[in-house]
Enquirer: 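Okay, here's the structure, questions in a sec.
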Amino acid sequence: MSKPIKLENLSLSFPHKICFENFSTLIHYGSKIAIIGNNGSGKTVLIKSIAGYETPLLGSIYIPPEIIVGYVPQTILDYPDLSGGQRFNKELSRALALKPDLLLLDEPTNHLDIYNRRSLMAMLMRFQGTLITVSHDEELLNKNADTLWHINNGIIKVFNGRYCNYKTSAAITRNSLEEEKRTLERDKKLMHKKLMQEQERASKSRKGGEKKRAEGKWAPVAAGLKESGAQTASGKKFSDISTQKECINEKISQLMIPEIIKPSFHLNASNISAFPLSVADGTAGYETNREVLTSINISIGRNAKAALTGANASGKTTFLRAVMSDPNVLTTGSWQVPKRENIGYLDQHYANLDNNKTVIDYISSFVPQWTHAEIRKHLNDFLFRKNEEVNALVSVLSGGEKARLSLAAIACKVPHLLILDEITNNIDLLTKEHIIQVLSEYPGSILVVSHEPDFIKNLDITDIYLAENKKIGITPSDII
């Protein structure tokens with residue numbers, strides 16, 4: 001049994017932000033640790049530092065010399081002719097060949113198809129050594145991690161338990177904090193009511209005194225003092241309540257529970273067919289390869305949500321191109337698809353965004369008839385609230401902000417069919433929750449291309465289609 005790995009006073013900061021400070025812990029052999037947090041919080045730097053790579057991290061990391069370390073990075077530049085999933089499998093095989101005591105994986109499920117996901121999950125459950133993973137994948141977090149390091153607001157908090165336990169605990173804590181806020185609001189309203197009553201009584205007393213003075217009678221001066229004293233005391237209490245609410249809001253922000261997004265969608269369903277997307281006995285291919293898909297049978301009804309999954313290179317991309325009327329794709333069979341302008345397409349790279357525009361100008365380009373106030377209200381629904389947020393260039397936005405902006409644009413002019421192509425790759429857990437919140441309100445039809453079971457489950461998908469053996473057809477829901 002090896003000695004524990006020691007992390008002492010680890011800190012990571014940049015000129016514009018502090019990621020975390022003074023993190024110390026012991027890692028015992030056989031631990032299964034997942035590092036979670038928003039994109040840009042320092043997760044990759046932390047895991048690379050533990051793997052022995054030079055980084056801007058301060059502090060000390062002691063790994064006993066007898067421990068063999070295997071590491072698979074998030075971005076793999078080797079093997080340029082291979083797909084992302086194939087590159088990962090190559091690097092994972094190389095790491096496992098070392099027979100490591102410590103295995104470090106950075107976003108290992110990105111780019112993996114359903115079969116490779118299953119293989120990875122099974123391998124990680126069998127792995128006997130110490131495992132440290134950076135991940136936003138709920139299935140992996142629940143199956144292959146029993147300790148969470150949550151990076152947020154400049155600190156790393158350690159939670160002993162699986163991610164599902166963490167979410168339950170955080171929800172309970174949030175409900176308690178929200179109840180505290182409601183109590184403070186009630187106290188504030190009650191104080192305001194009492195203050196108004198005090199002011200009304202003091203006003204009546206003052207008017208009575210003025211009348212007596214006018215009549216040459218003695219008038220007390222205490223009324224004015226009482227009113228002033230009441231205002232001073234109430235002002236202090238109001239300030240105390242505001243301070244307490246700020247403290248509660250800060251605690252809520254540290255729970256990694258996303259703020260609720262409830263956008264407004266406006267979709268005229270009168271001109272939408274009962275099945276916006278329907279293909280029967282279809283084929284799809286190219287001039288050089290006509291047999292990418294030889295049997296396509298898919299039907300997505302109005303307001304329905306469907307998922308398309310399958311191995312890499314199984315024809316999913318070709319099918320999406322055919323749905324969007326790509327002139328390079330040749331088709332046969334019966335195809336009923338919306339016009340291209342009635343299809344919304346969102347992929348993991350957010351290729352739809354204009355990086356040269358500001359957030360507010362980008363949204364304005366979709367709805368030039370809207371007033372400035374209407375655009376600000378719309379952006380507010382998608383958590384773009386501050387002036388510096390709405391005036392920021394799209395090019396400097398984080399991945400989560402780009403996802404929210406893309407959805408805000410789609411909400412301006414709601415398409416009949418919304419296609420989401422592997423959008424959960426490279427996004428953090430909070431952004432994923434925001435996407436789920438928005439899509440739960442979406443009134444049109446949705447086709448999700450994904451290999452992530454929890455994401456599909458949380459979207460309340462009605463039908464799952466599988467691309468396999470040059471075919472696309474409906475499949476049992478337990479395929480993923």
Side-chain angles (χ1 to χ4, degrees), residues 5 7 10-12 17-25 27 31-51 55 57 71-75 102-110 112 117 120-121 124-125 130-174 250-259 348 398-401 403 423-437 452-455 457-458:
I5 296 169
L7 310 184
L10 300 187
S11 299
L12 176 65
K17 69 175 179 179
I18 295 174
C19 294
F20 51 84
E21 293 181 302
N22 301 321
F23 177 60
S24 299
T25 191
I27 304 172
S31 298
K32 300 294 184 286
I33 298 166
I35 306 173
I36 62 175
N38 292 347
N39 290 336
S41 62
K43 301 184 302 296
T44 290
V45 172
L46 177 56
I47 198 170
K48 283 184 69 175
S49 298
I50 298 172
T55 71
L57 194 73
Y71 168 63
V72 181
Q74 178 179 359
T75 304
L102 170 62
L103 180 62
L104 303 124
L105 306 176
D106 193 353
E107 298 288 1
T109 57
N110 281 1
L112 295 187
R117 278 179 62 90
L120 174 66
M121 297 292 177
L124 293 181
M125 293 183 74
T130 302
L131 175 67
I132 302 179
T133 311
V134 170
S135 183
H136 303 302
D137 191 308
E138 287 196 42
E139 183 183 16
L140 186 149
L141 294 175
N142 284 319
K143 287 184 176 180
N144 298 293
D146 51 30
T147 301
L148 304 177
W149 293 354
H150 177 199
I151 306 177
N152 191 37
N153 288 344
I155 60 175
I156 300 179
K157 288 187 175 180
V158 177
F159 178 85
N160 294 313
R162 300 190 182 279
Y163 183 65
C164 57
N165 306 127
Y166 175 86
K167 288 176 66 176
T168 300
S169 175
I172 292 171
T173 303
R174 178 169 186 160
E250 179 66 22
K251 290 179 181 178
I252 290 175
S253 71
Q254 296 176 6
L255 293 175
M256 203 173 174
I257 296 179
E259 188 172 353
Q348 59 180 300
S398 68
E401 289 168 331
I423 63 168
T424 59
N425 284 353
N426 305 312
I427 64 172
D428 56 47
L429 290 162
L430 291 182
T431 301
K432 196 177 299 183
E433 289 287 345
H434 282 146
I435 290 174
I436 291 168
Q437 289 174 6
E452 192 171 328
D454 289 287
F455 182 66
K457 178 182 177 181
N458 290 331

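Worth knowing before you read on, the calculation uses all heavy atoms, side chains too, and leaves out hydrogens, waters and symmetry mates.
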Enquirer: To check you understand the geometry: which heavy-atom pair defines the closest contact between N144 and R162, and what is its length?
Expert: N-NH1, 4.0 Å
Enquirer: Just by distance, with hydrogens left out, do N38 and S41 show a side-chain donor and acceptor under 3.5 Å apart?
Expert: no
Enquirer: The test is side-chain contact (heavy atoms from CB on, under 4.5 Å); show your working for I151 and I35 and say whether it passes.
Expert: CA-CA 8 Å; I151 306 177; I35 306 173; 3.9 Å; yes
Enquirer: So which heavy atom on D428 is nearest to which on G37, and how close?
Expert: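 Where D428 meets G37 most closely, the heavy atoms are CB-O, 3.7 Å.
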Enquirer: Can you tell me how far CZ of F23 sits from CG of L12, rounded to the nearest 0.5 angstrom?
Expert: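 Nearest 0.5 Å value for the CG-CZ distance: 13.0 Å.
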Enquirer: Which pair of heavy atoms, one from S11 and one from L57, lies closest together, and at what distance?
Expert: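 For S11 and L57, the tightest heavy-atom pair comes out as O-CD1, 3.4 Å.
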Enquirer: Drop me the distance from Y163's OH to L148's CG, to the nearest 0.5 angstrom.
Expert: 8.5 Å
Enquirer: What are the two closest heavy atoms between L120 and P108, and how far apart are they?
Expert: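 The answer is CD2-CB, 3.8 Å.
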Enquirer: Could you give the distance from CD1 (I47) to CG (D106), rounded to the nearest 0.5 Å?
Expert: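 So the gap between those two atoms works out to 5.5 Å.
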Enquirer: Whether K457 and E138 form a salt bridge (side-chain N of Lys/Arg under 4.0 Å from carboxylate O of Asp/Glu) is what I want to check.
Expert: no
Enquirer: Taking side chain as C-beta onward, heavy atoms only, is L10 less than 4.5 Å from L46?
Expert: yes
Enquirer: Given the rule in the side-chain contact (heavy atoms from CB on, under 4.5 Å) test, do K167 and E433 qualify, once you have shown the distances and angles that lead to the verdict?
Expert: CA-CA 12 Å; K167 288 176 66 176; E433 289 287 345; 3.6 Å; yes
Enquirer: Does L102 form a side-chain contact (heavy atoms from CB on, under 4.5 Å) with I50? I'd like the steps, not just the answer.
Expert: CA-CA 10 Å; L102 170 62; I50 298 172; 4.2 Å; yes
Enquirer: Counting C-beta onward and ignoring hydrogens, is there a side-chain heavy-atom pair between I156 and T25 closer than 4.5 Å?
Expert: no
Enquirer: Any non-hydrogen side-chain atom of I435 less than 4.5 Å from a side-chain atom of I427?
Expert: yes
Enquirer: Measure the shortest side-chain to side-chain distance between F20 and I155 over non-hydrogen atoms and say whether it is less than 4.5 angstrom.
Expert: no
Enquirer: As an exercise, state the distance from CG of L430 to NE2 of H136, rounded to the nearest 0.5 Å.
Expert: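 One finds 9.5 Å between CG of L430 and NE2 of H136.
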Enquirer: Is atom NZ of K432 surrounded by more than 12 heavy atoms (other residues, nucleotides or ligands) closer than 6.0 Å?
Expert: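 Atom NZ in K432 is crowded, with more than 12 foreign heavy atoms closer than 6.0 Å.
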Enquirer: Can you confirm whether N165 sits close enough to F159 that some side-chain heavy atom of one is under 4.5 Å from a side-chain heavy atom of the other?
Expert: yes
Enquirer: Would you say the side-chain atoms of D454 pair up with the backbone N or O of E139, donor to acceptor, closer than 3.5 Å?
Expert: yes
Enquirer: Give the C-alpha distance, both sets of side-chain angles, the deciding distance and a yes or no for side-chain contact (heavy atoms from CB on, under 4.5 Å) between Q74 and N110.
Expert: CA-CA 8 Å; Q74 178 179 359; N110 281 1; 4.0 Å; yes
Enquirer: Can you check whether D137 reaches M121 side chain to side chain, under 4.5 Å on heavy atoms?
Expert: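 Touching, per the 4.5 Å side-chain cut-off.
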Enquirer: Taking I132 as the fixed residue, which of I27, L105, I5 is the one that meets the side-chain contact (heavy atoms from CB on, under 4.5 Å) rule?
Expert: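 Only one option passes, and that is I27.
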Enquirer: Mind checking whether L141 and Y166 have side chains closer than 4.5 Å, heavy atoms only?
Expert: no
Enquirer: Are the side chain of N142 and the backbone of C164 linked by a donor-acceptor contact shorter than 3.5 Å?
Expert: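 Confirmed, N142 side chain pairs with C164 backbone.
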Enquirer: Could you report the tightest heavy-atom contact between R117 and T109, atom names first, then the distance?
Expert: NH1-CB, 3.7 Å
Enquirer: How many angstroms lie between atom NZ of K32 and atom CE of M125, to the nearest 0.5 angstrom?
Expert: 10.5 Å
Enquirer: Closest heavy-atom contact between S135 and I36?
Expert: O-CG2, 3.8 Å
